[in-house]
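Side chains are part of it too, since the values below use all heavy atoms of this structure and drop only hydrogens, waters and symmetry mates. Start at 1 and go down the list; that is how both ligands and their atoms are numbered.
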Amino acid sequence: MSRRGFLGAAAAASALPLLSGCDDSGGRQASALQFDGMVEFRHGVASGDPEPDSVVLWTRVTPGEDMPVPVRWEIAEDEAMEEVVAHGTVVTDASRDYTVKVVPRGLEPHRHYWYRFSVGEARSMSGRTKTAPAPGAAVERVRFAITSCALYSFGYFNAYGGVARQPDLDVVFSLGDYIYEYGADDLEGTNLLPERHMPPSHAAVSLDDYRTRHAVYKTDPDLQAAHAAHPWICTWDDHETANNSYDDGAGNHDEAVDGPWQDRKRAGIQAYFEWLPVREEYNPNHGADFYRRTRYGDLVEFFVLDTRFDGRSPPPENAEEAVDPDRMMMSAAQERWLIDGMRRSGARWKVVAQQTMLAPLELLPGEPFLADSWSGYIAQRNRLFEAFGGSDGGPAIDNVVVVSGDIHSTFCNELTPDSRDRESYVPGERGSVGVEFVCPSVTTPLAIPIGVGAYFRLLHPHIRHSEGTSDGGHGYAVLDIDARRCEAAYFYPLSVLLPSQQERSGRVLQLREGETVLRLMPLLAGDP
Ligand SMILES: [Fe+2]
C-alpha cells in the first residue's frame with residue numbers, strides 16, 4: 001500500500017523514440033492526473049498474445065476508494081529491470097474493473113522481457129514474458145504448455161504451479177474453462193474444499209458476478225506464478241460463460257430465471273477480456289473475431305479457434321442430429337479461414353489450439369459420448385479431416401497437430417473419421433490425417449467409471465494413449481517441437497487436495513515430421 005502525490009505529464013512519455021506504449025484497452029492515457037489514494041496489487045500480473053514486436057501486459061489494481069487510478073508500467077530487457085526499453089502510464093477505473101492492459105510495441109522478436117506495474121510506491125510483482133519470433137525467421141525449437149478446466153473449489157492449482165516451473169516455455173495455452181460459472185447449488189454433492197470457496201455463491205450471471213469469480217481465481221498463487229513466468233494465449237470454452245454454451249443459449253441457462261442469454265454472454269465475454277491478457281482487437285463484444293493465428297517463425301503456426309460463439313449450433317438431441325450436415329461447431333467463415341490458413345501456412349507445423357476433443361469418442365457406435373464435443377458435430381469434423389488429408393479436392397496439409405482440453409483426461413489420438421474401417425486405417429501405421437493431444441484438467445474431475453478408459457481404447461483404435469479417465473488424474477502437457485518431430489510430455493501433480501510441487505511424469509508421445517501417426521516413447525527404467 002502506498003500514498004501517492006502528483007503524477008506529471010512526463011510520466012506518460014516512453015523512454016526510447018522507437019518504442020511506444022499503447023493503451024490497448026480503450027482506456028485513457030494518463031496525461032496529468034491527480035491521484036492521492038491507496039492501492040494494492042492483489043491479482044498478480046500476466047502477459048499474452050505474443051507477436052514478434054509486442055505483447056499484452058496485464059495487471060489489476062485494488063484502490064482504497066472508487067476513483068480513477070494512473071498505473072505506471074515498465075518493460076525491461078533484464079530481470080533486475082535496469083535496462084528499461086519502454087514505460088508509460090495508463091488510467092484505469094471502475095468501468096473496466098480496475099484492470100490494466102497495455103501493449104508495448106517495438107520489442108525485439110523471440111526474446112525474454114521482464115515487466116511490472118506501480119502506483120506511487122505500491123508495486124506489482126514482476127513478470128517475465130517472451131515475444132514471438134519474426135514470421136520468416138529460422139526457429140529451431142518451440143515449447144509450449146496446454147492447460148484447461150480449472151475448477152477452483154475442487155482443488156489446488158498445482159498443475160499451474162508445475163507450468164510456472166517449466167523451463168524454456170515459449171507460451172502457455174489456456175484451452176478453455178479457465179473459470180467455472182457454477183454456483184454452490186450446481187456443485188452440491190461434490191467434494192468441494194471449504195478453504196477454496198469461490199464467490200459469488202450463486203452461479204455467475206451478471207457482469208459483477210463474472211468479475212468477482214475472475215478476481216478469486218487471480219488470487220491463486222500457482223495461477224499467478226504461471227502467468228508471471230510465461231506469456232499465455234487464451235481461448236475460452238463454455239464455462240467462461242455457462243455450461244454447454246453456444247451462440248444463442250447454453251445448457252446451464254434458463255431465460256426465465258437468468259434473464260436474456262445475450263446479456264449473460266456479453267457479460268462473461270467482457271469480464272474475460274478485462275481479466276485475461278488477450279488483445280482487445282479480438283473482442284467479439286466489439287464485433288471482432290475471437291479466433292486468430294500466431295506464427296512462430298518458419299517452424300510453427302498456431303490457429304486458435306472459437307468453437308463457442310462463432311456460429312455454433314446447439315448440441316444435438318440424438319445421434320441423427322449429430323450427423324446433420326448443417327450442424328456447426330464454428331461458422332463457415334471460420335472453417336474456411338482455418339483450412340485456407342493451414343494450407344497456405346509457410347510454417348512446418350500447423351497447430352490447432354481449440355476446445356473440445358476432435359477425435360471421435362462414442363459410448364456405443366453412433367452414440368456420441370459428449371454431444372457438446374466434436375462428436376456432436378460430425379459433418380464439420382469430417383470436412384476438417386478431408387481437408388487435412390487432401391480428399392476434399394485441395395492439397396493435403398502436412399504436420400497437423402490439434403491440441404484440446406475439456407474432457408478432464410489425457411487422450412492422444414490419431415485423427416481419422418472412422419477408426420473401425422481397417423481398410424483405410426491401421427493404428428500407428430497409416431490412414432490418419434494428423435494427431436491430437438488432449439490435456440487433463442487442472443482440477444476438474446470427470447466421473448468416468450473405472451474401466452471405461454480401457455473400453456474407450458478398445459472401441460476406438462485411434463486413441464493411442466489415454467490416462468486419468470478413471471482416477472481423475474489432473475495435470476497439463478508440454479509440447480516440444482523442432483524440425484524433426486513434435487513431442488508431447490504429460491505431467492500429473494500427485495494431488496489437488498493439498499498445495500504440492502510434486503508431480504509425476506506421464507508418457508511421452510511423438511509425431512515425426514512428415515508422418516501422421518503417434519509413437520509412444522519408451523518408458524525410462526524405474527518409471528511406473
Ligand atoms: Fe471443463
Are there more than 12 heavy atoms of other residues, nucleotides or ligands under 6.0 Å from atom CG of Asn318? yes
Taking only Lys NZ, Arg NE, NH1 and NH2, and the carboxylate oxygens of Asp or Glu, determine whether Arg312 and Asp306 approach each other closer than 4.0 Å. no
Using 2.8 Å as the threshold, say whether any N, O or S atom from Thr444 sits that close to the Fe ion (ligand 1). no
Would you say Asp406 has an N, O or S atom lying under 2.8 Å from the Fe ion (ligand 1)? no
Should the pair Arg383 and Phe385 be classed as cation-pi, given the thresholds of under 6.0 Å to the six-membered ring centre and 45° from the axis? no
Passes ring-ring contact (aromatic ring centres under 6.0 Å, His included), Tyr152 versus Tyr180? Steps please. CA-CA 8 Å; Tyr152 186 86; Tyr180 278 76; over 10 Å; no
Are any of the side-chain nitrogens in Asp49 or Arg292 under 4.0 Å away from the carboxylate oxygens of its partner? yes
Output the atom name for the N/O/S atom of His408 with the smallest distance to the Fe ion (ligand 1). NE2
Could you tell me which N, O or S atom of Asp177 is nearest to the Fe ion (ligand 1)? OD2
N, O or S from His239 under 2.8 Å to the Fe ion (ligand 1): no
